[in-house]
Each structure stands twice: as structure tokens, then as C-alpha cells.
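Remarks on the structure that follows.
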Amino acid sequence: ALAACCNALELDVHLTLYGYVVVARDDSAERMAKLSRRIQTSAWHEVARWNIARGFTEDASVIAHPPLLADVVDAFGHVPISVDLKDQTPALAAAVVAVLARAKPEARAHVSLTSFHQRTFGALRKCGYEGPLGMGPLDILRLWSLPFARLGDLQGRAAQVPTSYRGLELATQRFIGKAHALACRVD
């Protein structure tokens with residue numbers, strides 16, 4: 001993606017049975033690898049063998065395995081990386097913060113953490129992550145609905161939003177303009 005034209009990465013992460021942070025869009029292998037397994041109930045040595053290309057091509061010669069977050073940050077830490085914590089567990093937040101604490105400082109500076117789940121987002125803050133944070137759902141709702149004068153302090157500096165959510169149009173010019181006026185990025 002970076003070679004084609006992208007200038008940043010957006011990743012979803014999940015926690016394995018024994019605490020490894022895996023980069024994967026889905027929490028199960030069904031769509032990606034055509035297996036009836038979940039990341040949370042699988043050990044890393046099992047997940048590492050999943051061929052996640054199976055869900056996207058019939059060509060058996062194409063092989064791709066889910067990477068660990070630590071490996072992605074090491075390899076691509078020179079570009080902005082937005083990491084979305086998908087599991088609603090404080091353990092995932094603690095594991096991600098621990099992975100980033102071990103990363104090179106110059107790579108860590110390019111990583112921002114976020115979640116669509118307020119519980120996970122709160123756990124991230126409690127873990128003491130000092131790098132850039134995205135907005136949690138409550139901050140996004142406040143940004144979307146409140147006038148500037150009533151916004152108060154938004155904790156995150158980036159809003160990772162779908163174009164719409166439950167019938168609510170989020171990616172509007174008004175929303176994006178308000179975010180940019182507050183020096184917040186919209187992904």
C-alpha cells in the first residue's frame with residue numbers, strides 16, 4: 001500500500017491466548033484463512049501459521065501470515081501508523097502499550113492508538129501511554145454534536161471514523177472542518 005500511494009497505515013490488532021498482539025482486521029480466521037478459529041483462543045504459534053491469503057484468492061501459491069504488531073512497528077515505524085484496538089479488554093491495551101514501550105523511540109513517535117470501544121480506550125489512558133491518541137467514541141460524539149464553545153478539551157488528536165454510523169453521517173464537511181480547526185486529524 002505504501003508503494004502504491006498511501007502515506008500512512010491503519011491497523012487493527014487483537015490479543016492471542018497468551019498475550020501476543022497480532023495485526024488482523026477480523027477477530028477470527030474464518031474470512032481471512034477459512035478456518036474456524038478465533039485469535040483470542042489461539043496461541044501465537046497457531047496464528048502465525050494461518051494463511052490469511054486463502055480468504056482472498058484461490059491461488060494456493062499465495063501465502064500470507066498475520067504479523068505481530070512489534071514487527072510492523074519495527075518495519076514501518078518511519079510512517080504514521082494508526083492502531084485500532086479491536087478487543088474490549090484492558091489486557092489488550094496493556095499489551096499494546098508494552099509492545100510500543102519496547103519499540104524504537106523514532107518509530108513510537110509515529111504510532112497513534114485508538115479504539116471504537118470506550119472501555120478499551122479508557123484502559124489505554126490508564127496504561128499511561130504517552131504517545132499520540134485518537135479520539136474515543138465519546139470525544140467523536142462531542143466533536144460531532146457540540147458547538148466549539150462547549151467542546152472542552154478533547155483527549156485525542158485524531159478522529160478515526162466511518163463515513164456513517166447507525167444512520168448518523170460523520171464524514172461531513174462540517175465535522176471535518178471542525179476537527180481541522182482544532183488541529184485534529186480525521187482518518
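When a residue number appears, it is its place in the shown sequence, counting from 1.
- Here the side chain of K126 pairs no donor or acceptor atom with the backbone of A93 at under 3.5 angstrom.
- To the nearest 0.5 Å, atom CG of residue L133 and atom OG1 of residue T114 are 8.0 Å apart.
- Residues E46 and L17 form no side-chain contact, since every pair of their non-hydrogen atoms from C-beta on lies 4.5 Å or further apart.
- Cluster annotation: L69 is not connected to F116 through the hydrophobic network of ILVMFWY side chains, with a link wherever side-chain heavy atoms come within less than 4.5 Å.
- V22 and V72 are members of different hydrophobic clusters when ILVMFWY side chains are connected at heavy-atom separations under 4.5 Å.
- Residues L9 and V83 share a single hydrophobic cluster, defined by chaining ILVMFWY side chains whose heavy atoms lie under 4.5 Å apart.
- The only member of D27, D87, D26 that meets side chain to side chain donor-acceptor pair (under 3.5 Å) when paired with H14 is D87.
- Within the model, atoms CZ of R31 and CZ of F56 stand 4.5 Å from one another, a figure rounded to the nearest 0.5 Å.
- The side chain to side chain contact (heavy atoms under 4.5 Å, CB included) with P66 is formed by just one residue from the set T16, N51, I52; it is I52.
- Once rounded to the nearest 0.5 Å, the distance linking CD of Q88 with NE2 of H117 reads 4.5 Å.
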- Task: Determine, step by step, whether L15 and V21 satisfy the side chain to side chain contact (heavy atoms under 4.5 Å, CB included) criterion, reporting the C-alpha distance in whole Å, the side-chain angles of both residues, the deciding distance to 0.1 Å, and the verdict.
- Result: CA-CA 5 Å; L15 198 60; V21 182; 4.0 Å; yes
- Task: Apply the test side chain to side chain contact (heavy atoms under 4.5 Å, CB included) to residues L143 and L182: give CA-CA distance (whole Å), side-chain angles for both, the deciding distance (0.1 Å), then the verdict.
- Result: CA-CA 10 Å; L143 181 62; L182 295 167; 3.7 Å; yes
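- At a cut-off of 3.5 Å, with distance as the only test, a side-chain donor of D59 or S61 sits close to an acceptor on the other residue.
- Inter-residue side-chain proximity for P90 and R119 is flagged as met; some heavy-atom pair is nearer than 4.5 Å.
- I39 and L92 end up in different hydrophobic clusters when Ile, Leu, Val, Met, Phe, Trp and Tyr side chains are linked at under 4.5 Å.
- Residues T89 and Q40 approach most closely at CG2-NE2, 4.3 Å, considering heavy atoms.
- Within the 4.5 Å cutoff, side-chain heavy atoms of L113 are placed close to those of L100.
- Closest heavy-atom contact between Q118 and L138: OE1-N, 3.1 Å.
- Heavy-atom minimum distance, H110 versus V79: CB-O, 3.3 Å.
- Considering all non-hydrogen atoms of both residues, W44 and P67 come closest at CH2-C, 4.3 Å.
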- Message: Would D84 and S115 count as a side chain to side chain contact (heavy atoms under 4.5 Å, CB included) here? Give the steps.
- Response: CA-CA 5 Å; D84 186 359; S115 179; 4.2 Å; yes
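- Between S42 and R37, the shortest heavy-atom contact is OG-NH2, 3.0 Å.
- Residue E106 qualifies as enclosed at atom CD: its count of foreign heavy atoms under 6.0 Å is above 12.
- In the hydrophobic clustering of this structure, L170 does not group with L141; members are Ile, Leu, Val, Met, Phe, Trp, Tyr whose side-chain heavy atoms approach within less than 4.5 Å, directly or through other members.
- Within a 6.0 Å radius of CZ in F175, other residues, nucleotides and ligands contribute more than 12 heavy atoms.
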- Task: Quick one: do V47 and Y20 satisfy side chain to side chain contact (heavy atoms under 4.5 Å, CB included)? Show the steps, please.
- Result: CA-CA 10 Å; V47 175; Y20 286 84; over 6 Å; no
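- With hydrogens and angles disregarded, no donor-acceptor distance shorter than 3.5 Å links the side chain of T57 to the backbone of A53.
- Between the side chain of W144 and the main chain of E169, a donor-acceptor pair closer than 3.5 Å is present.
- Between S82 and L11 there is no side-chain heavy-atom pair separated by less than 4.5 Å.
- Contact between S112 and R185 at its shortest, heavy atoms only, is OG-NH2, 3.6 Å.
- A distance of 9.5 Å separates NE2 in H180 from CD in Q173, rounded to the nearest 0.5 Å.
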